[in-house]
Amino acid sequence: MFIIETDYEHQNKISHKAKYSMKALYSIKAEATGGRNGHVKSADGVLDIDVRMPKALGGSTDGYANPEMLFAAGYSACFDSALNRIISIRKIETGTTTVNVEIGLVSNGEGGFGLKASLAANIPGVTAELAEQLVADAHKICPYSNAIKGNVDIILAATNI
């Protein structure tokens, strides 16, 4: 297991320059109504679900999706794609990879909230050392990892079971 440390020094600086000025390779829009106790829908209608605050945050039930769940699902799928891209480029033989992401909602100590993330990737058929290197390299190219870099503490773990 290894930890990617976050540098909070620049966190409160606001930049009006776009980090990526290139044309988007893909873009999707979504709309939320009602916040954490409402509804989310993608512009194309593929995602169309109710969201509710989980019991741990004062909600009445855990039987609905919530923003952290949706983020964890997206991050795990995206990271697994980045991982498989690295594996493919390097022409490494592996078993089927899996990526589990846990997203935690945390207090930022200033009356607001932030996120923390734990990511565990399993890459069967490689050495433990190679599994760690592949995860570290996938972390460098994953759009979600790059989006939260410097804002979210991330713990990465790699196994080879």
Side-chain angles (χ1 to χ4, degrees), residues 1-36 38-51 64-106 108 112-126 130-160:
M1 182 179 339
F2 45 105
I3 298 174
I4 304 297
E5 294 189 22
T6 303
D7 173 15
Y8 289 102
E9 268 184 45
H10 72 282
Q11 187 171 353
N12 293 322
K13 295 178 183 173
I14 298 174
S15 172
H16 296 285
K17 293 181 181 178
K19 184 173 182 178
Y20 303 105
S21 60
M22 298 170 275
K23 182 181 176 200
L25 300 174
Y26 173 75
S27 177
I28 186 70
K29 292 180 181 180
E31 178 180 85
T33 55
R36 288 181 167 272
H39 193 84
V40 295
K41 181 177 181 179
S42 60
D44 62 7
V46 171
L47 179 68
D48 190 358
I49 59 172
D50 289 330
V51 291
Y64 288 87
N66 61 65
E68 293 75 28
M69 180 188 295
L70 296 171
F71 191 92
Y75 193 4
S76 61
C78 189
F79 196 93
D80 197 34
S81 289
L83 180 59
N84 281 287
R85 179 170 168 77
I86 295 291
I87 290 167
S88 175
I89 288 169
R90 296 194 184 153
K91 297 177 177 32
I92 297 170
E93 294 286 326
T94 71
T96 301
T97 60
T98 56
V99 175
N100 291 287
V101 172
E102 179 180 357
I103 298 295
L105 182 68
V106 298
N108 70 0
F113 301 94
L115 299 174
K116 68 177 185 174
S118 297
L119 185 148
N122 185 54
I123 310 165
V126 300
L130 180 56
E132 280 195 8
Q133 185 60 56
L134 292 168
V135 167
D137 291 345
H139 184 60
K140 292 175 187 172
I141 69 165
C142 174
Y144 274 68
S145 291
N146 285 316
I148 65 175
K149 191 180 297 178
N151 296 311
V152 175
D153 289 328
I154 306 167
I155 297 173
L156 298 175
T159 57
N160 61 342

Just to verify, what does D137 make a salt bridge (charged side-chain N to carboxylate O under 4.0 Å, His left out) with, not counting sequence neighbours? R90, K140
Could you check whether the rings of Y75 and Y144 sit parallel, tilted or perpendicular, using 30° and 60° as the cut-offs? parallel
Distance in Å, N122 CG paired with T97 OG1, rounded so as to fall on 0.5 Å steps: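 These two atoms lie 8.5 Å from each other.
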Here the gap from T98 atom OG1 to F79 atom CZ, rounded to the nearest 0.5 Å, amounts to 11.5 Å
If we only count heavy atoms from C-beta on, is the [X] to [Y] side-chain gap below 4.5 Å?
X    : Y    : value
L115 : L105 : yes
V106 : D153 : no
V135 : H139 : no
I92  : L134 : yes
V126 : I87  : no
V40  : I49  : yes

Member of V99, T159, T96, T94 meeting the side-chain contact (heavy atoms from CB on, under 4.5 Å) criterion with I123: T94
May I ask you to decide if S76's main-chain N or O and D80's side chain share a donor-acceptor pair within less than 3.5 Å? no
Can you name the closest pair of heavy atoms from [X] and [Y] and give their distance?
X    : Y    : answer
I148 : I154 : CD1-CD1, 3.6 Å
V51  : G35  : CG2-O, 3.4 Å
L70  : A65  : CD2-CB, 4.3 Å

Looking at K116 and E68, does any basic side-chain N land under 4.0 Å from a carboxylate oxygen?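 The answer is no: the pair does not qualify as a salt bridge.
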Can you list every side-chain hydrogen bond (donor to acceptor under 3.5 Å, both in side chains) pair that touches residues 39-48, not counting sequence neighbours?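 Non-adjacent pairs meeting side-chain hydrogen bond (donor to acceptor under 3.5 Å, both in side chains): H39-D48, H39-D50, S42-D44.
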Identify every side-chain donor-acceptor pair in residues 27-34 under 3.5 Å, counting partners at least two apart or on other chains, and give the distances.
none

